Amino acid sequence: MKIEIAIAYLSTASVILPFGLAIYQLKYLRNNLRLILFLLAFSLLADVISYFLSRSAISTIWIANPYLLIQFSLLMMIYFIELQRPRFMIFIALAYIIYFIVSTFFIYGVFNFNTHANSIAGLILVGLSIYYLYHLLKELQVDNIAKVPMFWITFAVLCYYGGTLALFLVNNLMADNYPDSHRMLWIFHNICNILKNILLAIGLWQNYRNLKQPL
């Protein structure tokens, strides 16, 4: 088996761990962690559909674009709740969603990867994650920050969106001019996705531990 295929399978399977942890403690999940469950469910569904489409040699780009919009929207909702509903986030989210829809349908097309919109999503979420970490450290009310589930979830966001930001920016350029680079770009993407799911699993595990030993 080629290494890129093995990593792609591992990336797909990696969502099962945090998804299983979320399902196991479903009735104890707070609102923001319930949104993580929805995010994981959409991720698993998108991966399964993409797997069967790729086996039939059918493009999966039309799945990637809406999935990334859903992921962005859910993460924005999570930080909106955690940061006590700041108004600026509503403006940013609405402006981005409008831009995404317009650029997807009228500039890139549904069947082409919307690199600019996804790069902008990366910049927004990386900036928001850093802002949240600052807020968390400033308002810290526990002795051990590693026991806070959102600490790990925020690093999951930073890992995925920070790591893939450059990938989204250069994806179309590299694929058109250097066909062999596509393989390495998506190996890197899948590695970032694996790390994201591991960090989400740690965050959900910390939530489970906190149920038995409150912060």
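The analysis underlying the following values was restricted to heavy atoms, covering all of them including side chains, and did not include hydrogens, waters or symmetry mates. Model, not experiment: these values are computed from the prediction.
- Put simply, CZ on Phe188 and CD1 on Ile191 are 7.5 Å apart, with the number rounded to the nearest 0.5 Å.
- Residues Asn190 and Leu195 form no side-chain contact, since every pair of their non-hydrogen atoms from C-beta on lies 4.5 Å or further apart.
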Exercise for review: Apply ring pair (Phe, Tyr, Trp, His ring centres under 6.0 Å) to Tyr99 and His116, showing your working.
Suggested key: CA-CA 10 Å; Tyr99 172 75; His116 286 170; 8.0 Å; no
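- The ring pair (Phe, Tyr, Trp, His ring centres under 6.0 Å) search around Phe72 returns Tyr96, not counting sequence neighbours.
- Once rounded to the nearest 0.5 Å, the distance linking CG of Leu136 with OH of Tyr131 reads 12.5 Å.
- Phe151 is linked by a ring pair (Phe, Tyr, Trp, His ring centres under 6.0 Å) to Phe155, counting only residues two or more places apart in sequence or in another chain.
- Note: Ile70 CD1 to Asn65 CG = 11.0 Å, rounded to the nearest 0.5 Å.
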Exercise for review: Kindly indicate, with the supporting measurements, whether the criterion side-chain contact (heavy atoms from CB on, under 4.5 Å) is fulfilled by Leu40 and Ile16.
Suggested key: CA-CA 8 Å; Leu40 292 167; Ile16 295 173; over 6 Å; no
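- There is a path of hydrophobic side-chain contacts, each under 4.5 Å, that joins Ile98 to Ile101.
- Every side chain to side chain contact (heavy atoms under 4.5 Å, CB included) that Leu94 has, sequence neighbours left out, goes to Ile90.
- Residues that satisfy the side-chain hydrogen bond (donor to acceptor under 3.5 Å, both in side chains) test with Ser103, not counting sequence neighbours, are Asn114.
- For Gln206, there are no side-chain hydrogen bond (donor to acceptor under 3.5 Å, both in side chains) partners at least two apart in sequence or on another chain.
- Between Asn144 and Lys147, the side chains place no donor N or O within less than 3.5 Å of an acceptor N or O (distance only, hydrogens not considered).
- Side-chain contact between Leu165 and Ser119 is present, with at least one heavy-atom pair separated by less than 4.5 Å.
- By the rule that hydrophobic residues join a cluster once side-chain heavy atoms approach within less than 4.5 Å of another member, Val157 and Tyr134 end up as members of separate clusters.
- Without hydrogens or angle criteria, Ser73 side chain to Leu69 main chain gives a donor-acceptor distance under 3.5 Å.
- Under the 4.5 Å side-chain criterion, counting only non-hydrogen atoms from C-beta, Phe105 is in contact with Val110.
- Taken from CZ in Arg87 to CD1 in Ile92, the straight-line distance is 14.5 Å, to the nearest 0.5 Å.
- For the pair Ile153 and Leu199, the minimum side-chain heavy-atom distance is 4.5 Å or more.
- Applying the side chain to side chain contact (heavy atoms under 4.5 Å, CB included) criterion to Pro66, with sequence neighbours excluded, gives no partner residue.
- Put simply, the side chain of Ile36 does not reach to within 4.5 Å of the side chain of Leu29, judged on heavy atoms.
- Looking only at side-chain heavy atoms (C-beta outward), Phe42 and Leu74 come within less than 4.5 Å of each other.
- Hydrophobic cluster membership is shared by Phe52 and Phe111, with clusters built from Ile, Leu, Val, Met, Phe, Trp and Tyr side chains linked at under 4.5 angstrom.
- Listed for the Asn193 side chain is no donor-acceptor partner under 3.5 Å among the backbone atoms of His189.
- Minimum heavy-atom separation, Ile194 to Ile7: CD1-O, 4.0 Å.
- The backbone N or O of Ser11 sits less than 3.5 Å from a side-chain atom of Ser14, completing a donor-acceptor pair.
- Separating the OG1 atom in Thr164 from the CG atom in Leu68 is a distance of 8.0 Å, to the nearest 0.5 Å.
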Review point. Stepwise, does the side-chain contact (heavy atoms from CB on, under 4.5 Å) test hold for Phe100 with Asn118?
Key: CA-CA 8 Å; Phe100 183 95; Asn118 285 300; 4.3 Å; yes
Check your understanding: Which is it for Ile198 and Ile202 under the side-chain contact (heavy atoms from CB on, under 4.5 Å) test, yes or no, and what are the steps along the way?
Key -> CA-CA 6 Å; Ile198 291 173; Ile202 294 173; 4.2 Å; yes
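- Proximity of Leu128 to Met76: side-chain heavy atoms (C-beta onward) are separated by under 4.5 Å at one or more points.
- With sequence neighbours left out, the side-chain hydrogen bond (donor to acceptor under 3.5 Å, both in side chains) criterion links Asn32 to Glu82.
- Listed by chain and residue number, Gln25 satisfy the side-chain hydrogen bond (donor to acceptor under 3.5 Å, both in side chains) test with Asn207 (two or more places apart in sequence, or in another chain).
- Annotation: ring pair (Phe, Tyr, Trp, His ring centres under 6.0 Å) contacts of Tyr24 (sequence neighbours excluded): Tyr208.
- For Tyr79, the ring pair (Phe, Tyr, Trp, His ring centres under 6.0 Å) partners two or more places apart in sequence, or in a different chain, are Tyr132.
- Nearest heavy-atom pair, Ser43 versus Val15, reported as atom, atom and distance to 0.1 Å: OG-CG2, 3.9 Å.
- Partners of Ala201 under the side chain to side chain contact (heavy atoms under 4.5 Å, CB included) rule, at least two apart in sequence or in another chain, are Leu17, Pro18, Leu21.
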Practice item. Apply side-chain contact (heavy atoms from CB on, under 4.5 Å) to Met89 and Leu83, showing your working. Key: CA-CA 10 Å; Met89 286 187 62; Leu83 293 169; 4.0 Å; yes
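- You'll find the side chain of Ser129 stays beyond 4.5 Å of the side chain of Leu133, heavy atoms only.
- Closest of all the heavy-atom pairs between Pro86 and Phe80 is O-CE1, 3.4 Å.
- Evaluation of the salt bridge (charged side-chain N to carboxylate O under 4.0 Å, His left out) rule for Arg34 yields no partner, not counting sequence neighbours.
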